Amino acid sequence: MCRRSPSIPEFNSASSMTRATQAIIDLHALRENYRLAQSKAPNSKAYAVIKANAYGHGLLPCAQALTDVADGFAVACVDEAIELRQNGILLPVLVLEGAMDQAECQTAADLDLEMVVHKQDQVHWLAAVKGAAVRVWIKVDSGMHRLGFSTQEVPGLVTMLRGMDTVHDIHLMSHFACADESGSAVTAQQIKNLETLDPIKLERSLCNSAAILTLPQCHGELIRPGIMLYGGSPLQQKMGSQLQLQPVMTLQSEVIAMHELAAGEGVGYGHSFVTERPTKLAVVAIGYGDGYPRRAPPGTPVMIRGKKYPLAGRVSMDMITVDVTDSDVSLGDVVTLWGTGLDADEIAGHCHTISYELFCQVTPRVKRQYLGRAPVPKS
Ligand SMILES: Cc1ncc(COP(=O)(O)O)c(C=O)c1O
């Protein structure tokens, strides 16, 4: 039996049938947020933290949008740094977890990456590097107990690194566990621990977004803003908009079906939402398959025509249902899940998470549309 392959209708990407779900990434807002971070620490350099695909916003478009304003970039791993270098990003790139093996350490030297050194193995790999010397940041465990050398180990390590001709510049780096909590005793203790290293006169980098905003005395020579670049708040009690940060990602979809339901009707999987009154229901083309969190509870707001409406029923893979009773909401309306006019921090609060996770979880199915791209220079 001969099976014929089905004929594929002519494809038109501009067709109005395209699924409207998209993440609009405002690169102008990204640059403005970077400038705001910089203005909080005017005597420090600032490396924009663009790890994890720039917190879901797109590694390269974000790096390219920041190249003429940023002092450098920070990524988690060498693979992310390679992607930057392969695409012509020549600014300093700091690898926050350092090398995973000897080969990565060599790559770091070849690509002129700045490397965190948080364990003895990495010192040995550095010693064996051939060719160019590497700029290193000693990760000090001042109390977070994730990565780093103890404050007692640091002086000996500095002496050792100073004796290595494969290392050309040594700095100190640490990370605060509770910088987002005001008056934290943990932070006070971390600062005290770091003071024991004052006699070692080395440049320091201690501050993520929360610490940039709350610990000006710790800014040091280099700050490492991450979430604030994307408009998310690093602080527990405040939303990004209250900190004058601009949303970079606006997650949008559209109303694809409308229903008028009588009181007493169940909606969606498990009928977890049952109408209490005659209800106008909007079905929106976004779900956990796009990264909209399944755990978003009923009542989580979405924005349509500038007004907030509550989620009703469970989040499905490709759809959500919204109670739009007594509104003029209609088929085809644009729906904002978070972004301009609706802080991701507000949605994160409903979902018992943080905006970091919401941004990172937006799946590849969601088209990223970039606004305010830097003009491509003419060759
Ligand atoms: C070592 C380090 N520095 C800076 C940052 C940026 O943190 P934030 O996004 O909270 O500004 C991170 C992010 O996790 C980090 O791991």
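Keep in mind the model is a prediction, meaning the values are calculated, not measured.
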In plain terms, say whether [X] and [Y] are close enough for a salt bridge, that is, a side-chain N and a carboxylate O under 4.0 Å apart.
X: R19; Y: D290; value: yes
X: D323; Y: K280; value: no
X: R35; Y: E32; value: yes
X: E153; Y: K139; value: no
X: E80; Y: R85; value: no

Is there a continuous path of hydrophobic side-chain contacts, each under 4.5 Å between heavy atoms, that joins [X] to [Y]?
X: M144; Y: F149; answer: no
X: L96; Y: V136; answer: yes
X: L91; Y: I82; answer: yes
X: V117; Y: L147; answer: no
X: Y356; Y: F176; answer: yes

Derivation of the side-chain contact (heavy atoms from CB on, under 4.5 Å) call for W338 and M249: CA-CA 8 Å; W338 60 70; M249 178 191 291; 3.5 Å; yes
Within 6.0 angstrom of K119 NZ, more than 12 heavy atoms from elsewhere: yes
Whether over 12 other heavy atoms sit under 6.0 Å from K367 NZ: yes
side-chain contact (heavy atoms from CB on, under 4.5 Å) assessment of N33 paired with L30: CA-CA 5 Å; N33 292 337; L30 178 73; 5.7 Å; no
Does the side chain of [Y] come within less than 4.5 Å of [X]'s, by heavy atoms?
X: V116; Y: M173; result: yes
X: P216; Y: K40; result: no
X: L311; Y: P298; result: no
X: D198; Y: E195; result: yes
X: L194; Y: R204; result: yes
X: I212; Y: N208; result: no
X: M160; Y: V123; result: yes
X: C207; Y: H219; result: yes

Aromatic plane relationship, F359 with H57 - under 30° parallel, 30 to 60° tilted, over 60° perpendicular: perpendicular
Is a donor on one side and an acceptor on the other found under 3.5 Å between the side chain of [X] and the backbone of [Y]?
X: T159; Y: P155; value: yes
X: T353; Y: A348; value: no
X: T67; Y: Q64; value: yes
X: R314; Y: G268; value: no
X: T279; Y: R277; value: yes
X: S253; Y: A285; value: yes
X: D333; Y: V329; value: no
X: T250; Y: I24; value: no
X: S233; Y: L235; value: yes
X: Y269; Y: G313; value: no

Donor-acceptor pair between [X] and [Y] side chains, under 3.5 angstrom:
X: D345; Y: S355; answer: yes
X: S330; Y: R305; answer: yes
X: D141; Y: H145; answer: yes
X: S241; Y: D343; answer: yes

Shared-cluster residues of F273, by chain and number - hydrophobic side chains joined below 4.5 Å: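 Members other than F273 - counting any ILVMFWY side chain reachable under 4.5 Å - are L261, V267, L281.
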Atom of [X], atom of [Y] and distance for their closest heavy-atom approach:
X: A282; Y: V255; result: CB-CG1, 4.0 Å
X: Q38; Y: D71; result: NE2-OD2, 4.1 Å
X: I304; Y: Y309; result: O-CE1, 3.6 Å
X: A128; Y: Q102; result: CB-OE1, 3.5 Å
X: L342; Y: L337; result: CD2-O, 3.4 Å
X: S142; Y: N193; result: O-ND2, 2.9 Å

Any chance you could measure [X], atom [atom1], to [Y], atom [atom2], to the nearest 0.5 Å?
X: D101; Y: D121; atom1: CG; atom2: CG; answer: 10.5 Å
X: S184; Y: Q190; atom1: OG; atom2: CD; answer: 7.5 Å
X: L36; Y: Q244; atom1: CG; atom2: CD; answer: 7.5 Å
X: L60; Y: I89; atom1: CG; atom2: CD1; answer: 6.5 Å
X: E203; Y: L222; atom1: CD; atom2: CG; answer: 8.5 Å
X: L229; Y: I50; atom1: CG; atom2: CD1; answer: 9.5 Å

All pairs passing side chain to side chain donor-acceptor pair (under 3.5 Å) where residues 122-133 contributes a residue, at least two apart: H118-Q122
Inter- and intrachain pairs under side chain to side chain donor-acceptor pair (under 3.5 Å), touching residues 103-117, at least two apart: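 Side chain to side chain donor-acceptor pair (under 3.5 Å) check on residues 103-117 returns Y47-E114, Q106-D110, E114-R135, E114-W137.
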Criterion side-chain contact (heavy atoms from CB on, under 4.5 Å) on D318 and I286, from CA distance to verdict: CA-CA 5 Å; D318 316 304; I286 194 158; over 6 Å; no
Pair E357-R295, salt bridge (charged side-chain N to carboxylate O under 4.0 Å, His left out): steps then yes or no: CA-CA 13 Å; E357 193 188 21; R295 62 188 179 283; 2.5 Å; yes
Full working for salt bridge (charged side-chain N to carboxylate O under 4.0 Å, His left out) between E346 and K308: CA-CA 12 Å; E346 182 176 346; K308 290 181 187 175; 3.0 Å; yes
Passing option when Y292 is tested against V366, T300, V362, T363 for side chain to side chain contact (heavy atoms under 4.5 Å, CB included):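 So, applying the side chain to side chain contact (heavy atoms under 4.5 Å, CB included) to Y292 and each of V366, T300, V362, T363, only T300 qualifies.
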Worked verdict on R224 versus H175 for side-chain contact (heavy atoms from CB on, under 4.5 Å): CA-CA 10 Å; R224 308 186 304 268; H175 201 50; 3.0 Å; yes
